[in-house]
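Okay, structure first, notes after.
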Amino acid sequence: MTNANYANHNGRAEHDRTAGWDARWIAKAQPDHRAWSRIALETDVAIEAGEAHVLFGVRDDRRYWGCELRAAEGEAAFYSVEDGARTERGRAAAPELAAAPARAAARIAHEGDALRLYVNGRLALTATAPASEVPPGTIGFRTGERGRAVFRELRVFAEDGRALYVNRFYDPSCLQFTAGAVDATGSGLRLEEGILALCEAPVSADSPLFRRAFVAPSDVVRATVRVYAAGWYELRVNGRKLDDRVLAPANTPYGRRMLYDEYDATSALRQGGNAIGLWLGNGYNMNYSRWGWKWKREKAALLQLDMTLADGSALRIGTDETWLTADSPLLMNDIYDGETFDGRRASALEGWDTYAYEPAAADWSPAILAPAPEGVPERNEQPPVRAFEPLAPTRVLRPRPGVAVYDFGQNIAGWARVRVEGAAGNRLTLRYSELIDAEGNIDPWTNRNARATDVYILHGQGIETYEPRFTYHGFRYVEASGDPIEAQTLRIEAVPIRADVTIDGSFRCADPLVERIQSNLRWSILNNLVTIPTDCCQRDERTPCMMDSAVVEETAMLNFGMRDYYRKWLGDVEDSLSNPDWSGDKVTLPWHLYRHYGDADTLGKQYASMKSYIDHLAAKWPDGIVTEGFGDWCPPNDDGWENYFREVAIVNTALYYRQTAVVAEAAGALGRAEEQARYEAHANEIRRASHDRFYRGNGVYGDGTQTAQLLPLAYGLAFEEAAGEAFDRLIDAIAAKGNRLDTGIYGTRYLMDVLADGGRIDLAYELLTRTDYPSFGYQIEQGATTLWEQWSFKGGMHSHDHAMFAGIGASFYTRLAGIRPLEPGYAKVEIAPSVPAKLDWVEAAIDTVRGRLVSAWRKESGRVTLEIEIPQGATAVVRLPRPVDGAEPKRIEVGPGKHRFTN
């Protein structure tokens, strides 16, 4: 047993240490891939020309076994090669390969004394192959002299079903094969004609356990554990989890920063024998999206336990080679695909994390030292991810024999928790989806390439409980099936997971549709709050998306306690240097935190990064016009990647202007008058450049689309003499679409703000409450309980749980309820509701840093009554709603307390 990736790491070398820790990085030794034997190998093969070969038992390029897949002939063959000479071992028809282009899921398994090939689940070929004839070796792929093929979704399993290696071939830096390249589609190992590609230095896909037993000579007065892992971990002490966090540690740009977790373990330890355990999973490993932060190395762990004892002594336990390690009950675990858990193995390992447990030498071996990652360790201050109150199914569908589909009535991020009973070895398979078809079968369309499947293998000793630990899914529906069917599901519930942020805001109104929109956007924000704000939670993506985060951060702060969460996020993204619709988040977010929480510390800490980013843009775009980026992403469209972009230059230039103005305001708040003046002048230069480039006269910007008219008005980019006409042209643009919105994420964010501020709240309310396409109401009419990525139901890139359109939720508080801070931290606030004619009442509350702030209005007998509550230490400027009779609204200044007004 060796680890090829740690082959040069022997003994107590310095690079197994992390500064500030006495503990050492440890890992589990992995089988040498050149010694793999009796394996099962799965891959999806697309044969574009000629034949493709899947190789195993490879010792070198002249000695190996293979499976030949011939598309033109629709045939498959097993063969061996020794000293370059080929011996055929069996051949059979495989008509699945004859389609053009040939695409097939191939599984090759060495079972007993036979090799078997399954094509798309069908047993296509069996060949005699005694173990003595198939030598250990690595794996590989080959194309013929006129062959071309793409290999995807590679999985290698040991004889007991444990995953040895998984490679989606997403990332050019993680190919781990001697030849080939990532296919242009973004996944798959492409081999051109006559290429041999062998697997080298594979990163394992296992899930190891680590344990250390020790004796505390007296009572433990205080105990603190610091822990970090390359991969996800679960920390256990004396037979139980130390707390209820999940999917730890936090995802970060690992090469730069690593956020370790710190626990108070005092109550979990005792005088005498104790045991501490770590369970590792793959987490954000090499198969995570290439657009995310991920590990490209073997899993490893670092833990240090510091104890103060009652006798005055101190005791420290740290990870090192004295720790023992073993395979866990998890046979496979993947952030996208799910996990396979063997309850029989769990039963055999019962008590592994207790002092009394006696590790069997056949299962447990010493940990090896592992090289320390490059990132700098920092204590994690972000709220952890936790599991929350489970949801019961609202109905059960039975679309075909042996299958039950559970509808939980709400789209969530998380997993299913089940109680089952059955015979040992029975399998319960759980498949997750956001959608179902007309017959009630799950429809995994929005999962894209994520398999989203959990498998539990029963131990057969009565009622068993299972829930995943190193994966999560985005879903409303769960399909449960047993293999064999005697594995009965006794109980199932859906477990939502998210960052443990507080609920700080509430919004209610008289319109059930608007309340449903509010619910949908809140769920979408929460479902995409793990340790990073993700774009989506169901497909093979779930990446740290700055654009999606930037456009909803104000909404998130009005609804949830986001200060510590976003402080961590800023540390992650502070070196990003993309376009304003992406990297500009690191400029506007500190300002939002300052305005909402009065957080001057974060503003001061991030100011240098904010300023340098604007300087970077100034150097890259000297004429003040930014022509690259996503623009008003995902407006109503006819599908297709090129149609997801809208008004790229206008949006990014407007954002550049706003972000420069924010830096000027931040400089003023921090007492940097000279820099404030400089960035104000630069903002004015961008404003003038934008006007010269995009203003067409008569109030028209660009092509006069809704977005082109909205952004200059929303950000104050329009000059005063053009603003009135620009607003009129916005109304014209809306009318041209039949009073329907035609905006992506940025336009939708500011649609209600601009219309309300221009005196057209009734039009804003009409757009908000439409139920035909495109609208939030249309989504809800189709059963949506979260926000969609596109306005349409299905297409090439359609998630049904994307937070990026939630930006409009800020307008519920700031326009419909009329709550806006005039000074940081709501020290002074404006209450100025915009009252639609067709809405009878609104109630909103925000838990600010000064206390609870409330604005509630109601129409009664032809008048509007406004009730507000101002926290201690704050004042308010109240602009009463325009009375129903059209009289002029009043302006009143008030102090803390409850106030009631009637207009």
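Fair warning: this is a prediction, and the values are worked out from it, not measured in the lab. Only heavy atoms go into these numbers, but all of them, side chains included; no hydrogens, no water, no symmetry mates.
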*Check: Phe169 main-chain N/O paired with Ser187 side-chain donor or acceptor under 3.5 Å*: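 No: the side chain of Ser187 does not pair with the backbone of Phe169.
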*Does any N or O in the side chain of Thr471 come within less than 3.5 Å of the main-chain N or O of Glu339, such that one atom is a donor and the other an acceptor?*
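A pair under 3.5 Å: no.
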*Would you sort out whether Asn637 and Gln790 count as a side chain to side chain donor-acceptor pair (under 3.5 Å), showing the intermediate values?*
CA-CA 8 Å; Asn637 63 79; Gln790 305 277 359; 3.0 Å; yes
[X] and [Y]: side-chain donor and acceptor closer than 3.5 Å?
X: Ser433; Y: Asp443; result: no
X: Glu553; Y: Ser549; result: yes
X: Thr602; Y: Arg567; result: yes
X: Thr534; Y: Asn528; result: yes
X: Ser173; Y: Lys296; result: yes
X: Trp569; Y: Asp585; result: yes
X: Asp639; Y: Tyr644; result: yes
X: Ser207; Y: Trp279; result: yes
X: Thr185; Y: Arg152; result: yes
X: Arg516; Y: Ser519; result: yes
X: Ser799; Y: Gln538; result: yes
X: Glu647; Y: Thr707; result: no
X: Asn652; Y: Asn579; result: no
X: Glu434; Y: Asn411; result: yes

*Determine, for Phe388 and Arg498, whether the Lys NZ or Arg CZ falls below 6.0 Å from the six-membered ring centre while staying within 45 degrees of the axis.*
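The answer is yes, since Arg498 meets both limits relative to Phe388.
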*Using the ring of Tyr472 (Phe, Tyr or Trp, six-membered ring only), decide whether Arg542 places NZ or CZ under 6.0 Å from its centre and within 45 degrees of its axis.*
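Here Arg542 passes the 6.0 Å and 45° test against Tyr472.
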*asked:* Set out, in order, the CA-CA distance, both residues' side-chain angles and the distance that settles salt bridge (Lys or Arg N to Asp or Glu O under 4.0 Å) for Arg815 and Asp753, then state yes or no.
replied: CA-CA 7 Å; Arg815 282 359 184 241; Asp753 289 5; 3.6 Å; yes
_Any heavy-atom pair between the side chains of Leu816 and Pro836 that's under 4.5 Å?_
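In contact.
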*asked:* For a 4.5 angstrom cut-off between non-hydrogen side-chain atoms, does Val455 reach Met332?
replied: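 The answer is no, as the side chains (C-beta and beyond) never meet within the 4.5 Å cut-off.
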_Which residue in the set Trp232, Trp295, Tyr336 passes ring-ring contact (aromatic ring centres under 6.0 Å, His included) when paired with Tyr284?_
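It is Trp232; the other options fail the test.
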*Among Phe793, Trp788, Tyr778, which one satisfies ring-ring contact (aromatic ring centres under 6.0 Å, His included) with Tyr773?*
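Going through Phe793, Trp788, Tyr778 one by one, the ring-ring contact (aromatic ring centres under 6.0 Å, His included) with Tyr773 is satisfied by Tyr778 alone.
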*Is the ring centre of Phe475 less than 6.0 Å from the ring centre of Trp415?*
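Centroid separation for Phe475 and Trp415: 6.0 Å or greater.
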*Test of ring centre spacing under 6.0 Å for Trp791 and Trp633*: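 For Trp791 and Trp633, the ring centres are not under 6.0 Å apart.
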*Before accepting this row, confirm whether a basic side-chain N of the pair Glu789/Arg539 lies closer than 4.0 Å to the acidic partner's carboxylate O.*
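Answer for the salt bridge query: yes.
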*Is a salt bridge present between Arg563 and Asp599, judged by a nitrogen-to-oxygen distance below 4.0 Å?*
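Asp599 and Arg563: not salt-bridged.
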*Show the numbers, then the answer: is there a side chain to side chain donor-acceptor pair (under 3.5 Å) between Asp454 and Tyr432?*
CA-CA 9 Å; Asp454 297 324; Tyr432 300 79; 2.8 Å; yes
